[in-house]
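Note sheet for the following structure.
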Amino acid sequence: MTQQDPAVVDGTPSEQDDALLRAKLNQETARAPWSSLQRFFAQGKVIRVAAGLDLIETALRIARDDTAALGAALEAGEVAPIPDAEARDWFAREAEVWALVIAPWVLVQETGCTSGSMPTPAHG
């Protein structure tokens, strides 16, 4: 007989489980110069999170494989690979980004952005 994880009810993580993951993701978020992420960009592993989105919540959706929310964000262009022109601009300006690894991706958001949600390091 297998023992069920008490943090998961009917196959869905509990709010407490999500809160713990949010805290973990928040601690793993760091400011980084865009130039330091060029290797990952060249590998196609960097995903831009639009200024209006919460970086931590986006990472949580990826971790939880929330395809409905992610599909809507992808369709709206709020979560997408960085266009070459924007990457060149960030490099030329020596832009700083908030970065968060959610394997196999590196999520980035330019540091000057704010989303109006609960303050986290990802909101500058």
Side-chain angles (χ1 to χ4, degrees):
M1 179 175 207
T2 58
Q3 193 171 16
Q4 186 174 357
D5 182 351
V8 178
V9 178
D10 297 325
T12 305
S14 70
E15 286 185 32
Q16 181 181 9
D17 192 41
D18 280 351
L20 289 172
L21 183 53
R22 274 186 197 93
K24 179 181 182 293
L25 291 168
N26 196 22
Q27 291 176 342
E28 294 174 359
T29 303
R31 284 183 168 206
W34 171 244
S35 59
S36 72
L37 299 172
Q38 293 302 296
R39 175 173 56 116
F40 302 104
F41 173 72
Q43 294 171 352
K45 294 183 178 180
V46 179
I47 302 294
R48 179 186 47 80
V49 176
L53 292 184
D54 185 308
L55 183 64
I56 304 301
E57 289 301 314
T58 302
L60 180 69
R61 288 187 179 108
I62 291 170
R64 295 289 185 237
D65 198 26
D66 185 346
T67 54
L70 289 171
L74 285 166
E75 190 172 312
E78 296 172 324
V79 175
I82 299 168
D84 290 344
E86 187 171 6
R88 283 191 298 272
D89 175 57
W90 284 3
F91 190 82
R93 291 189 293 116
E94 299 179 9
E96 189 173 62
V97 297
W98 283 109
L100 176 58
V101 175
I102 187 87
W105 309 109
V106 178
L107 302 182
V108 297
Q109 192 173 55
E110 198 165 8
T111 58
C113 66
T114 59
S115 71
S117 65
M118 191 168 88
T120 65
H123 294 120

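We count residues from 1, following the sequence as given.
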Extract all donor-acceptor atom pairs below 3.5 Å that involve side chains of residues 62-69 and protein atoms in other chains or at least two apart in sequence.
residue: Arg64; atom: NE; partner: Asp18; partner atom: OD1; Å: 2.8
residue: Arg64; atom: NH2; partner: Asp17; partner atom: OD2; Å: 3.0
residue: Arg64; atom: NH2; partner: Asp18; partner atom: OD1; Å: 3.1
residue: Asp66; atom: OD1; partner: Ala69; partner atom: N; Å: 3.2

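- For the pair Ile47/Thr58, no side-chain contact is recorded, criterion being any heavy-atom separation below 4.5 Å from C-beta on.
- The ring-ring contact (aromatic ring centres under 6.0 Å, His included) analysis of residues 52-79, with sequence neighbours excluded, yields no pairs.
- The distance from the CG atom of Leu70 to the CD atom of Glu75 is 12.5 Å, given to the nearest 0.5 Å.
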### Task
Step by step, work out the side-chain contact (heavy atoms from CB on, under 4.5 Å) result for Ile102 and Leu107.
CA-CA 7 Å; Ile102 187 87; Leu107 302 182; 3.8 Å; yes

### Query
So Glu78 and Val49, side-chain contact (heavy atoms from CB on, under 4.5 Å) or not? Walk me through it.
CA-CA 6 Å; Glu78 296 172 324; Val49 176; over 6 Å; no

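- Counting heavy atoms of neighbouring residues, nucleotides and ligands inside a 6.0 Å radius, atom CD of Gln43 exceeds 12 of them.
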### Task
Check the pair Arg31 / Val97 against side-chain contact (heavy atoms from CB on, under 4.5 Å), numbers first and verdict last.
CA-CA 6 Å; Arg31 284 183 168 206; Val97 297; over 6 Å; no

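- With rounding to the nearest 0.5 Å, the separation of CZ in Arg93 from OG in Ser35 is 12.5 Å.
- A donor-acceptor contact shorter than 3.5 Å is absent between the side chain of Glu110 and the backbone of Trp90.
- Scanning all heavy atoms of the two residues, the minimum distance from Leu55 to Trp98 falls at CD2-CB, 3.8 Å.
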#### Entry: Verdict with supporting geometry, Gln38 and Phe91, side-chain contact (heavy atoms from CB on, under 4.5 Å)
CA-CA 9 Å; Gln38 293 302 296; Phe91 190 82; 3.9 Å; yes

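- Arg22 is not listed as a side-chain neighbour of Gln27, based on a closest heavy-atom distance of 4.5 Å or more.
- Closest of all the heavy-atom pairs between Val46 and Leu37 is CG2-O, 4.2 Å.
- Between Leu60 and Leu25, the shortest heavy-atom distance links the atoms N-CD1, 3.8 Å.
- Of all heavy-atom pairs between Phe41 and Ala87, the closest is CZ-CB, 3.5 Å.
- With sequence neighbours excluded, the residues satisfying salt bridge (charged side-chain N to carboxylate O under 4.0 Å, His left out) with Arg48 are Glu86.
- Counting only heavy atoms from C-beta outward, the side chains of Glu28 and Val101 never approach each other to under 4.5 Å.
- Connection of Ile82 to Leu100 is not established within any shared hydrophobic cluster, with ILVMFWY side chains joined at heavy-atom distances below 4.5 Å, either directly or through further cluster members.
- Residue Gly44 comes nearest to Trp105 through the heavy atom pair O-CZ3, 3.5 Å, listed as atom of the first residue, atom of the second, then distance.
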